[in-house]
Amino acid sequence: MKRTYLSAIIFLVAMTTVFSQEKVLSKEDAVNLALENNFGIKVAKNQVEIAGNNKSILNSGYLPTLTNSTTANYNRDDSVIEFPGVFSDDGTPRPDVEIYKAEAQRYNSTLNANYTLFDGMGRFYNYKRLKEQYQLSELQARETIENTMLQLFSVYFEVARLSENENVLGQALEISTRRIKRAEYAFEYGQSTKLDILNAQVDVTNDSINLLNTRQQLANTKRDLNVVLNQNLNEKFQVDTLVSFIPRLKLDEFVSQSNLNNVALLQTEKNLAINAYDIKVNKAGYLPTIGLNGAYGWNLNQSAASAFFPGTNNTTWNFGLGASLSWNLFDGGGTTVRVKNAKIAYENQELLKQQVELEVNRDIQNALAIYENRLNIFNIQEQNVLTNQNNFERSKEQFQLGRITSIEFRQAQINLLNAQTNKNLAKYDAKLAELQLLQLTGQLLNIEF
C-alpha cells in the first residue's frame, strides 16, 4: 500500500515537471495570434474589404460607361437568270446566265459612350452613404475584435486559474503523502493507531483525484484556447499568471470619455448618418437626369457582282454626339412614399440611439460596480490566504508535536486550499470585470495586456 501511494505521487510530480517545461504563451502573444488567425476576425476583416470596394470610385456612378457592339454577316448565293422570249441578234434565244459563289460580307463595329452629368445629386449622396457604410463596417469589425478579445481572455484566464490551482493541489497532495509516512512511522513505534494511516490514505486519494480532475479541465481549456487562436488543438504551452490592474484614476478618465469611444454608440451615429443620406438619395427622384452620349462606328459592306451590276465594296465611318434629359414628372407617388419612409427610418434611428445611450450608461455603471466589488473580494481573499497560511503553519507545528489530531490538521489544510483557490478565482474574475469595463468605455484595444 505504501509503494502504491508513493508511486502515485511520483507520477503526478513527474507530470508537473513535464508541464513546467512547456513554452510560455504571453498575453501579448495570445492577442497577436488571435488577431492574425481567429476565424471571426478574418471574416470581419473581409467584410471591411468588401465595404472598401463598395466605396471606391469604381462603384460611385461618376465614371462614364463605354460599350462596343460588333457584328459580321456573310452570304453566299448561287443563281440562274433566264431570259424567256429574249433573242440574240442572230435570232437565237438568249442563253441563261449562271452565277455561282456570289459572296457578300457586311461588317460593323460601334463604340458607345454614355455619361450622366446630373441625376438629382443621387449618386453624390449615395457615394457619401457608401463611405459611411465603410466606416460602419470598420466599427463592426472592431466590435468583433473586442468580443474576441474578451472571449480570448476569458479562456486564457481560466487556463491561468486552473494552472495555479494545479500547483496548489499538487502541494496539498505532497503534504498528504508526507502524512502517510509520518503516520506509518508513528504506528510502527506505537505512537498512533491504524486509523491515522487510513485517514491519511483517504486524504491522498481525494487530493489525487482533485489534482487529476483539475489537470483534465486544464487540458480541455487549453484546447478551447487553441480554438480561439486557430492553432493545433494539442499545442502545448503555459500561460502568464501575473495580473495587474489599471489605476482607478485612469479608469475614471476612460468612463468620462465613454460616450466618445463606445463602439455601440459610434455605430448608432453612423447608422444615423446613413439614414440621413437615404433621405437625400430618395429626394433625387424629384429632379431630372441629364446625360451625354456619343458613338463612333465603322461599317464595311461588300457585295458580289450580279448579272447587271458590278460588285461593291463600301466603307463608312460614323461619329455622333448627343445629350439627353429625362424628368419623371410624376411616378405615381413612389418617390414621395420612399422619402416619407426614409424620414421615419431616420426618426427610428434617433430613438434607437437614445435607447443605446441609456443602456450603455447603465452597463458602464453596472460594470464599474461589479469591478469594484470583485476587486474588493480579491483583496479580502488575498488577506484570507495569509490568515489561513499562518493558521496552517501553526497547525502543522501542533500536529507534529501531537497536540492536535490529523482531522484538525486536515481541516486547516482544506481551509488553506480553499482560500488559495478562491483567491485565484477572485483575481481573474476581477481582471475580467476590468476588461469588460474597458470594452464598454471603448478602450479595450488601446491598452497593453
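- Looking at I246 and I447, their side chains come closer than 4.5 Å, going by heavy atoms from C-beta outward.
- Annotation: side chain of L33 is not in contact with side chain of N230 (no heavy-atom distance under 4.5 Å).
- Here the side chains of Q267 and L136 are in contact, with some heavy-atom distance below 4.5 Å.
- Taking every heavy atom of both residues into account, L321 and G294 meet most closely at CD2-CA, 4.0 Å.
- In this structure, E448 CD and S244 OG are separated by 10.0 Å, a value rounded to the nearest 0.5 Å.
- Note that the CG atom of N199 and the CG atom of D203 stand 6.5 Å from one another [nearest 0.5 Å].
- Side-chain contact between N73 and Q105 is absent, with no heavy atoms from C-beta onward closer than 4.5 Å.
- Using a distance-only test at 3.5 Å, with no hydrogens or angles considered, no donor-acceptor pair links the side chain of T335 to the main chain of D331.
- If you check the side chains of N415 and Q411, you find a donor sitting under 3.5 Å from an acceptor.
- For N261, the side-chain contact (heavy atoms from CB on, under 4.5 Å) test picks out Q257, Q443, with sequence neighbours left out.
- In this structure the side chain of L173 reaches within 4.5 angstrom of the side chain of S208, judged on heavy atoms.
- Using a 4.0 Å cut-off between charged side-chain N and carboxylate O, K128 and E132 make no salt bridge.
- Under a 4.0 Å N-O distance rule, the pair D207/R410 qualifies as a salt bridge.
- The list of ring-ring contact (aromatic ring centres under 6.0 Å, His included) pairs with a residue in residues 403-428, not counting sequence neighbours, reads F157-Y428, F392-F409, F399-F409.
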Which donor-acceptor pairs under 3.5 Å do side chains of residues 117-126 form with protein atoms, sequence neighbours excluded?
| residue | atom | partner | partner atom | Å |
| --- | --- | --- | --- | --- |
| D119 | OD1 | M121 | N | 3.3 |
| D119 | OD1 | G122 | N | 3.2 |
| D119 | OD2 | R123 | N | 3.0 |
| R123 | NH1 | G61 | O | 3.0 |
| R123 | NH1 | T116 | O | 2.9 |
| R123 | NH2 | T116 | O | 2.6 |
| R123 | NH2 | L117 | O | 3.2 |

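- Summarising the geometry, atom CG belonging to L25 is positioned 6.5 Å from atom CG belonging to L225; distances are rounded to the nearest 0.5 Å.
- W298 places no side-chain N or O within 3.5 Å of a backbone atom of Y107 that could act as its donor or acceptor partner.
- Here the side chains of I370 and Q436 are not in contact, with every heavy-atom distance at 4.5 Å or above.
- A donor-acceptor pair shorter than 3.5 Å cannot be found between the side chains of N422 and Q381.
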Enumerate, atom names and distances included, each donor-acceptor pair closer than 3.5 Å involving a side-chain atom of residues 343-365, sequence neighbours excluded.
| residue | atom | partner | partner atom | Å |
| --- | --- | --- | --- | --- |
| Q355 | NE2 | E359 | OE2 | 3.1 |
| N361 | ND2 | E357 | O | 3.1 |

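- Remark: side-chain polar atoms of R129 are not paired, donor with acceptor, to backbone N or O of Y277 under 3.5 angstrom.
- The backbone N or O of Q400 lies less than 3.5 Å from a partner atom in the side chain of R182, making a donor-acceptor pair.
- Classification of K222 and E158 as a salt-bridged pair fails, no side-chain N sitting under 4.0 Å from a carboxylate O.
- Using a 4.5 Å cut-off on side-chain heavy atoms (C-beta onward), L435 and L444 make contact.
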For this session: Kindly determine whether I50 and N54 satisfy side-chain contact (heavy atoms from CB on, under 4.5 Å), including the steps that lead there.
Result: CA-CA 6 Å; I50 291 174; N54 289 337; 3.9 Å; yes
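- S176 and R179 share no side-chain donor-acceptor pair at under 3.5 Å.
- Note on K236 versus E22: no salt bridge recorded, every NZ/NE/NH1/NH2 to OD/OE distance being 4.0 Å or above.
- Minimum heavy-atom separation, V48 to S137: CG2-O, 3.5 Å.
- A side-chain donor-acceptor contact under 3.5 Å links N210 to the backbone of N206.
- In F39, the CZ atom is not crowded: 12 or fewer heavy atoms of neighbouring residues, nucleotides or ligands sit closer than 6.0 Å.
- Atom CD of residue Q151 and atom CG of residue D224 lie 9.0 Å apart, to the nearest 0.5 angstrom.
- For K431 and E434, the salt-bridge test passes: some basic side-chain N is under 4.0 Å from an acidic carboxylate O.
- Atom NZ of K340 has 12 or fewer heavy atoms from other residues, nucleotides or ligands within 6.0 Å.
- Using a 3.5 Å distance cut-off with no hydrogens or angles, the side chains of S109 and T70 do pair a donor with an acceptor.
- Considering only heavy atoms from C-beta on, I279 stays 4.5 Å or farther from N275 through its side chain.
- With a 6.0 Å cutoff to the six-membered ring centre and a 45° limit on the axis angle, K27 does not count as a cation-pi contact of Y156.
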Problem set entry | Pair I145-L35, side-chain contact (heavy atoms from CB on, under 4.5 Å): steps then yes or no | CA-CA 8 Å; I145 294 174; L35 292 175; 3.7 Å; yes
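- The 12-atom threshold is exceeded at CZ of R178, counting heavy atoms of other residues, nucleotides or ligands nearer than 6.0 Å.
- Note: L432 CG to R161 CZ = 11.0 Å, rounded to the nearest 0.5 Å.
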For this session: Please lay out, stage by stage, how R223 and N234 fare under the test side-chain contact (heavy atoms from CB on, under 4.5 Å).
Result: CA-CA 7 Å; R223 279 188 282 270; N234 296 315; 3.9 Å; yes
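- Looking at N38, its side chain does come within 3.5 Å of a backbone N or O of V228 through a donor-acceptor pair.
- Between the side chains of N318 and T110, no donor-acceptor pair of N or O atoms lies under 3.5 Å.
- For the atom pair S26 OG and D29 CG, the distance stands at 3.0 Å (nearest 0.5 Å).
- A side-chain N or O of Q216 and one of N220 form a donor-acceptor pair less than 3.5 Å apart.
- Seen from the ring of Y127, K55 does not count as a face-on cation partner, given the 6.0 Å and 45° thresholds.
- Every side-chain contact (heavy atoms from CB on, under 4.5 Å) that N108 has, sequence neighbours left out, goes to T71, N299.
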Exercise. Run the side-chain contact (heavy atoms from CB on, under 4.5 Å) check on L440 and S258 step by step: do they pass?
Worked result: CA-CA 7 Å; L440 289 170; S258 59; over 6 Å; no
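- A donor atom on one side chain and an acceptor atom on the other are not found under 3.5 Å apart for D278 and N282.
- Between K427 and E382, none of the side-chain N atoms (NZ, or NE/NH1/NH2) sits under 4.0 Å from a carboxylate O, so this pair counts as no salt bridge.
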For this session: Tell me, with the steps shown, if N384 and N388 meet side chain to side chain donor-acceptor pair (under 3.5 Å).
Result: CA-CA 6 Å; N384 190 39; N388 279 277; 2.9 Å; yes
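- Under 4.0 Å is where a charged nitrogen must lie from a carboxylate oxygen, and between K270 and E138 no such pair does.
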Exercise. Would E235 and N226 count as a side chain to side chain donor-acceptor pair (under 3.5 Å) if you check the C-alpha gap in whole Å, the side-chain angles of each, and the deciding distance to 0.1 Å?
Worked result: CA-CA 7 Å; E235 184 75 21; N226 284 329; over 6 Å; no
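- Remark: side-chain polar atoms of E408 are paired, donor with acceptor, to backbone N or O of T405 under 3.5 angstrom.
- For N147, the side-chain contact (heavy atoms from CB on, under 4.5 Å) partners two or more places apart in sequence, or in a different chain, are E143, Q439.
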